[in-house]
Structures are given as C-alpha cells and as structure tokens.
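Reminder, nothing fancy here: chain letters follow the sequence lines and each chain counts from 1.
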Amino acid sequence: MSQLLDIQQLKVDFTTKDGYLTAIRDVSFQIKAGETVCIVGESGSGKTVASKSIMRLIDYENGKIADGDIRLNDVDLTQLSQRELRAIRGKKMAMIFQEPMAAFDPVFTIGNQIIETILAHKQSSTEKARKRAIYLLQRVGISDAELRLKQYPNELSGGMLQRAMIAMALALGPDLLIADEPTTALDVTIQSQILQLLQELKTEFGMSILLITHDMGIAAEVADRIIVMYAGGIVEQATTLQLFESPHHPYTHGLLQSVTTIDSDRSKKLFSIEGSIPGLSDLPSGCRFHPRCPYATERCLNEAPPLLDVNNRKSACWYSEELVKNDSWKKPTLQTTSDLQRPRKKEQPREKLFTIQELSKFYPLGNRTFSGTSSFVRAVDNVSFTIEKGETFGLVGESGSGKSTLGRVLLQLEKASGGKVLFQDQDLSKLSNKELRETRKHMQMIYQDPYGSVNPRWKVGDIIGEPLQVHQSLTKKEKRIRVQELLEAVGLNKNSSERYPHEFSGGQRQRVAIARAIALNPQFILADEAVSALDVSVQAQIVNLMQELQNDLDLTYLFIAHGLNIVRHISDRIGVMYLGQLVEIAPSEELFKHPAHHYTRGLIGSIPIADPRHQREIISIHGEIPSPANPPSGCRFHTRCPAATARCREEQPLFREIDSGHWAACHHPA
Amino acid sequence: MKEAINSKTIWSAPKWNLIKLKINLSASNLFVYVAGMIVLFIVACALFPQWIAPYSPTHMHTEFILSPPSALHLLGTDYFGRDVLSLVVYGSRDSLIIGVVSVLIGGGIGGGLGALAGYVGGVVDMIFMRFTDILMTIPGILLALAIAAALGPSLMNVVLAVAVSSIPGYTRVMRGQMMSIKKRQFVVASRSIGTPNWRILIWHILPNSWSPLLVMATIGLGTSILVGSGLSFLGLGVIKEIPDWGALLAQGRGYLTTGWWISTFPGLAITLFVLSVNIIGDKLRDMYDPKTK
Amino acid sequence: MTLISKALVRIANSFVSVLGSLILVFCIIYLLPGDPVLSMIDPSVATPEMIENLRRELGLDQPFYVQFVEYFTAILHGDFGQSLINSDPVLPKILMHFSATLILTLTSTIFSIVIGVTLGVLSAIYRNKWIDILARLVGLFGISMPTFWSGILLILIFSVNLNWLPAMGSDDWKTLILPSLALGFVGAGLIIRMVRTSMLEVVNEQFIVTLRAKGLSERVVMYRHALRNALIPAITIIGMNIGEMMAGTVVIETVFSRQGIGRIIADAIMAKDLPVIQGVIFFSAIVYVIINLLVDLSYSVIDPRVRRSH
C-alpha cells in the first residue's frame, strides 16, 4: 500500500506572550490508504496539535510549523499557501471534533452548513448539493433527513450532531478523515454507535482515518496502528496487536496497566504512574518521561532517546530491548502491585447509613401563567434504595439519567419534591436549617471540577481549613497542624498550604478537594464524577487514594460516574439509573457478569475493551435517551430495548429482587 | 487538554499588587501609564489648584481681554480677561466632585440594591427589577435633568441628579454579578459543608464581587462626569464665581468666532479625563474579566 | 400560541413601565421644592391673591393624587394639557417638533451603526494592525467626548473656519450633518467596542475552526458566519443606543440651536413647565418601549435559538 500521509520530523511552535513554546517536536509517522491510525495520549501530549497541524489549522492559533514536512499524496502541505490549502481542506482531508454542540455555527441550519461545504469545493447546483446532503444524512443514520436539513444545531442532540458532523466531513469524499476525540463528549452508548458508524463508512468511502483519543479501549477497538504521544513527542509506534501484547516503552506499559477493564481484579490496587504530566513550558531534560519512569537511569536524564526501531516497531526508550526481555515486564496485566486491604465485610449484616424512600425531584418547565397546565422535568422519579455503612455505592447512567440530581437531593443541596431521605434514621427534610448545617459535618462532597469548587482567592491551607473553621473552634496552631495532617494524608507536601489552587495540577487539586472533604472525619462522601476529568494515569492515583482513605477512616461513598469500568472497580454495589429511575441494583461483580436489565446489558456492551484480541459482542442500544420532560409510557426504556414487548409499552415494571441482593425493574430480565 | 485550559483562561488568583503593574512597562501598557498620569495630574489640580494655576481664576487681566493662547496666557483669556488655564485648573474641582461623589452614591445605592436583589432573589429581586425597569425607560440625562431642575441649582443637587440617574445601570450589573457568583461551584461547595449564609457572603461572595464593582465604578466615573458636565452646560449647574468645566464651556459658546479657545480647552479637559478613566477601566476589566482574555 | 402570549406579557410589562415612569416623573416634579407659578409671573408685581388664583386655575392647589388622576384621565383622552408658560397645548407642540428630532436620531443612528459595525469588524479581523488601533481610538474617543464639545469642535472647524456647513438652524438637510456626526459619534464608539469584543469572542469559538477545516475562505468565515453571530449581542447595544441618542438631542439641539423635542424639554425643565415635561417623558418612554420590542423582534429574526425555543 502507498503512503497517503507522510509526516517527517514535524515541529510546531506557538507564539505566546512569553515567546515561543514548542508544542510538538520530532513527530514522524505515516498513514497508508485505507488504514486507521490512532494517536493516544493524555492531556498535554500534543495529540490535538499534531492533528490540527496536518490541516494547518494551527496557523490561525498563533502556531507555526517550525520544521519538518507533511505530505498528503506527495504534496507538501507545509509549503502551500492558505489559498491552496483551502482547496484541500474539506475535500482531500476532513476533520470532526470533540464537541459536536460547539462545532456547528448556531445561526445556520444543518443543511445550510453541509451544502455550503459542497458548494465551496465544486461546481454544483444548490439543488444537487441539497440532494447530496440528504443522502449523506440518511447514510449516517439520521432519520427524517429532509426535516433535519432545515433544523438548527440547538434543535439536535449531541449524538445527532456528531452524525451530521460526520456527514459534513464526508460530503466530498475525503481521502483522510481526522477525528479529534469524536466521542469524548458523548455517552458510552452513543459512542459505541458512532465508532461503529465510522468503521462502516471507512470501507464504504475508501478513506483513511486518523483518530485522536485518550481512551485505550477505543484505540484497541478501531485502530490498525497506534501512536503513543507523551509531552509533545511520540514515544511508541506499533500495530495495535503488537502494542497491547507487548508494549515497549515504559510509559505505554504504565498506561496499559492503569486502564481498568471489565476483567481486572477488583481486589487489587489500581496501577498508577507516579507524578503528573509536565507542562509544555517546563519539560524535563533528556527523556521527557524520566521523572516518572521506574526504569530511568543517568542516561535518560541527560540524553533524549530518538524513536528507535526495535523488534519491528518504534520506541523512544534507550532500554526497550532489554526491558521487554524482563520477566516482570512481560505480563503486564497480571503484575501485582501492593494489594489493597479490602476487608471482607460482606458477611455480617450492615447498618444502613442512608435510606432513600420514594424520592422524587421535579423541575417545573416553562411559563405556567398562560398555558395553565404545569409540565415538569422528572429528573428523579420515585427512587428507593439504601446505602450501607462502609460500602461504596456506585451510580451509573447516561447524561440526563438524573444521577447527579439524586446525589444533590441526597445531601439536601436541593429540596426533594417528594419522598424521604433518612440519614441514620433521621429524616433530613425535617431538620431545621441549623440542625441541617450540623448534620452536614457528616456528609461531604467531592466535585468533578476541583478548580471550580474552591475559591480561587484562597490559599490551599484555608480551603482545607474552611470546614474546621465552620464546625470546630480550633486555635490557629491546632488548625495548622490539622491541615498539615490532612495534606499528608492525601499525599501532598505538608508545606503546600501557603500556595494557591492554580499552582497545582488537576490531580493535585482533586487531592486538595479530598483533604477538605475528610477534614471533619465525615461518615459519608458523595463523589460526583470526581475522577472523570482526570487523565488515566492520574485517575488511578485518586481512586487508590479514595480507597485507602475509606479503609483508614471507615468512610461510606456514593460514587457517581459515567466511566463504567472505574465504577465497577471502586464500588461494592452499583445502581443503574435511566430517565430518573433506578432500573437495577446489584453487587458490582454480579452486575457486570449477569446484568438483568437490558439497559444495563447495553451499557456494559458499549464499553470499548482495551484488548484487540477480544472482539466484544456488540449489544448496541439504538437511539438516544428521551427527554425527561416527556418520558415514554410503561417501561421507560421500551423505546430503545431490544427485548421490548407490548406489555413493556403499557405497564411499568416493578422494581423487584430477582436474586439475593440483585434488584431490577424489567418484565423480561435477561 | 482540560488542565491547560483551567490554569490559563479561568481567572487566576488576581494580583492586587498595583506596584507590580507599574513596573511591568511594555508598549501595550504605555497608554495605561499615560492615562494614569493624566488622572493623577487632574486630581492634583482639583486638590491644589493654587499651586498649579498660574493666576487667580477670578482675576481679570483687563489689558488681555479675549487674547488667544500666548506665552503669558497659555490657553488664552476670556471676555473678562480671566486666564483660561487657571479657570480650567480651578474648574476641575467641581467637575471631579460631581463625578466622584455621584459614583460613590449611585454605585453604593445601585450596587447595594443589585447585590441584594441578586443574592436574595425571589420577591425582593422582582420588586427591585421592576423599579429599575421603570427607571430605565427614562434616559439617564432626562432623569438627571428633571431632578436637577426640580431641586434647583446647587452642586449637591447636580451630584444627586447624576447619582440617581446612574442607579439602574449599577443595579443591573451588580445583580448579574451576584447571581453568577452565587451559582459558582465553590459557593455551593461551601454551603454543602454547612457554612452559614452570612459567612458565605463574607468569605466568598463579597471578596469575589470587588473587582467587577471596581471596574464598574471606574467606567461609571467617566459617564458621571459626562452627564454632570452636560447638566452644567445646559445651565442646571452651579452658578458660581469659578464655573466647572461644563459651565465654562457653555460660557465660551457665544464666542466661537472670536475666541475658540474659551470653550475648546474645558472640553479638552473633560475629554482627556474621561478618556484616561476609560482606558484605566478597560485595563482593569481585562485584568479581572475572564471572558476578555 | 405561546409566542403570542409571550408577546402579550412583554407588552403588558412595557405598559406598566411607561405608567411607572409617568408616576415617577410626576413625583419628582411635584414633590420636590420649587413653584411653577412663581416662574410664570413676577412675584414682585403679582399680589398673593393673583398667585393663589392662578394656582387654582391650573389645578395646582389640589392634592397630589387628584392632580395625577386628572392628568392621567386626560391623557387617556388624548389631552396632554397646556404649557404653563404660554398655554400652548402640549400634544400638538410635541408632535410638531417630534419629526425633526426623529430625523436627527435616525441619521445619527445610521451613521453610528455604519461606522460602528464596519470599524468594529475590521478591528477584530485585523487585530493589532493599524486599523485596529485606529478603530479602538475612535471607540475610546467616541465614548469619552462630551457631545456638546464635539459639536462645538465641528462648528469651529466646518462652519467657522472652513465655512462649509451651517452652524445652526434646522431648515435644510445641510443643517443635519454636523449634529448627526456629533451625536452619532458617541453611538459609533459604543458599537465599535461592542462589536469588536463580541467578534473576538466568536472568532475563538470551536465552530470557526470547523468552518476553516471545511475549506471555506476567510472572507466567508468572517463575514458570513462570525459577523452574524457577533451581531446578536450587538443588537442590544444598538437598541439602547437609539434611546440614548434620542436623549442626547437635549444637548445637541441646544448646541446647534435646532428646533426639536430635546430643545423643548430643555426649556420646559428650566421653566418647570410640568405638562410639557410630562408629555415629553411620556413620549420618550413610549419610544424606548417600542425600540425594546423591536430589538426583541430582531433577535428572533437573526438568532434561531430564540426563534425556535418553545
């Protein structure tokens, strides 16, 4: 096969107010016609810059190609003028982006924007372009294509928009499609649909795909070849099978171990790479991974390794060849790190910490003055369950399922519309404001965005000390000592209390947030998407920390997340929510092994598996989550359920125990 | 990518250190320094006119009636032979008093009402907003005119008129600020650990509202000076021996053909001052508003 | 249906606002010290009885609320009362001069929009180039120069020195040029700044990257897509600006000695001519409300997110 894209020694600089900043350097790789190549990497790895450089879109962002060349079909893109580039962009190569909501111009219709693309590149009548647009929309699986053509971006869902985006990218049959994290902003069920669609279209349109992702699972599933980037450079390049079977670079090795999968052992501590990702402005000398590398030597500190050919692949490590011969390296997934002391506490009946009874939260919708009737968004609708003392209860579901709302109502941050929340047999809604404030000592919260949840003007010491200040009367000295204890407990330097939150990395900020949450020795912590925004290697650190603290402090967690694997790892029991209702509750292992509700099955089936040898059985849930303002009758899932019958349409299934400790609301459990 | 964005675009801990600002001299900041110096100079004129003005503003140089700018009278003399430069220097006092005091009153009342409406919400918010809606239907200068006319000419009355007419603007902005700060996650987070309302207000909300208030007041100062001098120009100001800039300008209007300098220089003074204040206001906004980064 | 009911709510709200402003101005003029009667006749000549008679004749001896109710009922019948100074009926007087002011406002608005939008857009596209610096300076001066001064400067330059255009009067179109420039300059300043800021914001949006990735020319990206998005927030400023210009005629009509409603109210306020003040403010409040409704309407034309919601 010939090379479609050939990138040699690419170096990209950005002009900032402090001078030049090199975002990526020495990046060389090729893509053959018809091939799917994935660039994987964490934040700051330069993967997005690499993809935007190919399109020369960095020219508009104060970036410039300082060195190297990019050849597409033997045309050097670095030498072309913007005018010449325009003829290639959208035609020979097209791009789709992470946030489909933000990627369309909000004031033009979808049809308008697709037709505009076609007309920009070829002589065609508007009518022909319109026909083409309708065909494309139908091809990417959008029903009522003619109607959608006339709709504005805000009238379509994220999944729909991403489909439309793909249709627009394919309008002129490009040779290369660059997809920058195309599914990161979407739910796992939609992600699965979109990835499948991309695979189909690739063969149909005979194009190559360059997919940028941070998710090893996605890479394993779709890529022919994988390029791993770290801190602005390529560290490893290999075929997918090679890479997963035997990673050659310590970073890849670590990354693969950090990934939690459906089969990974829950009793083990998650593997994590020490430290954090360096910023572009303070890259370490020599090999950029050396500060975090367990195998680093003097040489790594001083000399940057080039991308070397080792065993039919490329790796940028001085020691790849020796390392892979090492026994402990060979079986990465079985390698054990220190075991997590997970006390087997299942046997004795446990005390209930939270009892939730028929809890509902409705939000009024629209203006009721004139219409007379009142409509509601049923964010949480008649939910009952318990959280036992000392356990981690996981809560999963697509966005719009009401899981975060449930969490906030539980902590009385929002008033319930109906039902009760009992905390240690005490009805929280009956408490006076003062009593409630007192009770808040025992229940704390960790948020998704650790930066947004702290006052940016406060020093870390004051942030962590705030709950102490509110609830305890400590002297300054006592408070300082306590803050230092807490900093050490979460693995931060005890002298960091004088620093401001913006001086910390994302992972460190989340540690600060945890320190603050445990300051009052609470009994319960609600973690709402607490690790979702973090990179894989850092995510593992935080999860481990949370589990250690749980053991030491006898904490109970409610862990809300959309990343199913991580929830599986950390939770004892998991509840699955769909459209405001709990559809299934089961112990973690049981839920993943024998999901009873078809929604749960679909969710689990949608998770990409980080193992190319393991082709998952595709149980796709088709369609998208309906509006919670107008939920379907009967079983709310029946519109998307593969096993739905007439009964499901009419009769709402009861939430019943189908096995010991395993509850599900389904007429036809699997 | 998220982290890189977080640390740069979401506003970082503000640097109150104004001294540092002074040292960081670059071309883009040059305007700000010049503006700062102009403001300082005009403030000095208002405080110590006797040290800066070459003559007494009331002295009539009868031999120099309507003489154009010269070495003796840098900005010329008026129809009584008074030195225009001295008049402008002395006139700064009333102009500045009108601007500053009305910002303090209008900003204080408007900002306070807005903060209350935004923080408390509900019925209070509804009533206040209704009231500002009403005030907004009358253009600022008309309202100020009506009040000034009703109260009669005096410095304090002009100040009051300008202040009242500026209230709705402050109320709106402050209310919006308050509502957005109230919803920020660290406020919710503080509430979730059981911090009482008054503490949240003192610890989190007020410290985060200062900078927008400061920006608002700076830009408001420019507007107030313009409205105030407009009132004086229309003859609603103070009738005093030493007129403020607006009145001075109005007096020169009859001599456009014979003495262009009489009305030109007071106008220039107003413009320079308002311009400088606006430049500083823009700079402050760029520093504190995450959106304009 | 909901759209109509929404519009009805808005109109009802506006009506309340107009009524409120009427009461407010009535209160200001009535409750604050100062006696209109004394400004009508010379107190040194008139006997206390004459003053008392005049006051009774004008209904000024009635309690506040009675006066207001009477005034308001009269308005509903189209009667805005008579000037206290020369007994001219208010409504015809306002109507007669309203067109002059309206034309001035209109020409100023057009001038400010043309200059403001053009410079604002160019300034954002050629960021930090000379045209951006120029536009920002124009913007800053626009909002910093008092209209009475820029008006006088224009007179000095174009009438006194160059003798190209008339300095005063309101007879032909030539007299309209200088006041429109002076008045429009303020609006232009505001609009330049607003359009520039919102253009710069839009240019950083993700969808601009998409448009470029599709291979569209910069011209299409900027003028077809970015500009339309940037104008959405600018419309509010433009709308508010029309109201401000209308008010600005108070000063400008005095500077250029033009006939018009601004001049009328300036004179009326000096003389505490209550019915005239009331009438003009009532008019300006109505104009303000109409402009606001138009702004809302234009939003729904230009922004599909508003059009299609509900």
Side-chain angles (χ1 to χ4, degrees), chain A residues 48 51-52 54-61 82-109 112-114 116-122 150-155 165 168-169 171-172 174 178 180 365-367 369-372, chain C residues 1-13 16 124-128 198-235 298-310:
Chain A
T48 296
S51 67
K52 279 189 173 170
I54 300 170
M55 294 287 266
R56 287 272 305 275
L57 288 170
I58 48 152
D59 293 27
Y60 298 101
E61 296 168 13
Q82 283 296 337
R83 195 189 168 79
E84 291 165 316
L85 275 169
R86 277 204 291 275
I88 294 176
R89 279 188 204 133
K91 191 170 187 187
K92 299 273 177 217
M93 50 183 185
M95 193 159 177
I96 58 176
F97 301 91
Q98 179 172 354
E99 301 267 353
M101 302 285 189
F104 277 101
D105 184 340
V107 302
F108 287 91
T109 60
N112 214 317
Q113 297 186 55
I114 299 178
E116 169 188 59
T117 317
I118 299 172
L119 294 181
H121 288 284
K122 68 176 183 193
K150 292 183 198 128
Q151 287 189 309
Y152 288 89
N154 66 313
E155 296 171 276
M165 198 73 208
M168 189 158 78
L172 294 135
I178 302 173
D180 186 358
L365 188 73
N367 194 339
T369 351
F370 282 86
S371 50
Chain C
M1 184 58 213
T2 38
L3 197 75
I4 296 170
S5 60
K6 244 183 167 177
L8 283 175
V9 171
R10 276 212 60 93
I11 291 172
N13 275 342
V16 174
I125 292 178
Y126 301 99
R127 197 178 179 184
N128 293 335
S198 88
M199 263 304 260
L200 287 177
E201 243 167 65
V202 171
V203 169
N204 279 323
E205 299 259 355
Q206 173 65 38
F207 72 81
I208 296 290
V209 182
T210 315
L211 295 169
R212 286 176 176 147
K214 295 199 298 189
L216 301 186
S217 69
E218 273 306 284
R219 204 167 43 84
V220 174
V221 173
M222 287 299 163
Y223 295 105
R224 189 173 139 87
H225 291 275
L227 179 58
R228 182 145 167 208
N229 278 279
L231 281 184
I232 293 171
I235 287 177
S298 58
Y299 261 126
S300 55
V301 171
I302 200 169
D303 189 352
R305 285 164 295 191
V306 175
R307 194 188 317 161
R308 298 283 181 101
S309 63
H310 308 298

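- Between the OG1 atom in A:Thr117 and the CG atom in C:Leu216 there is a gap of 6.0 Å [rounded to 0.5 Å].
- For chain A, no part of C:Ile208 is nearby; none of its heavy atoms comes within less than 4.5 Å.
- At least one donor-acceptor pair closer than 3.5 Å links the side chain of C:Lys214 to the backbone N or O of A:Gln113.
- Of the residues considered (A:Pro106, A:Ala120, A:Pro174), A:Pro106 shows the highest number of contacts with chain C, using heavy-atom pairs under 4.5 Å.
- A pairwise comparison of heavy atoms in A:Met168 and C:Thr210 identifies CE-CG2, 3.9 Å as the closest pair.
- The CZ atom of C:Arg224 sits 8.5 Å away from atom CG of A:Asp105, with the distance rounded to the nearest 0.5 Å.
- Between C:Leu211 and A:Glu116 the shortest side-chain heavy-atom distance falls below 4.5 Å.
- Taking each heavy atom of A:Leu57 and C:Arg212 in turn, the nearest pair found is CD2-CB, 3.7 Å.
- Rounded to the nearest 0.5 angstrom, A:Gln82 CD and C:Ser217 OG are separated by 11.5 Å.
- Of the two parts of C:Val202, neither the backbone nor the side chain holds a non-hydrogen atom closer than 4.5 Å to a non-hydrogen atom of chain A.
- Taking all atoms of both residues into account, the shortest heavy-atom contact from C:Ala213 to A:Met95 is CB-CB, 4.3 Å.
- Neither the backbone nor the side chain of A:Lys91 comes within contact range of chain C; no heavy atoms are under 4.5 Å apart.
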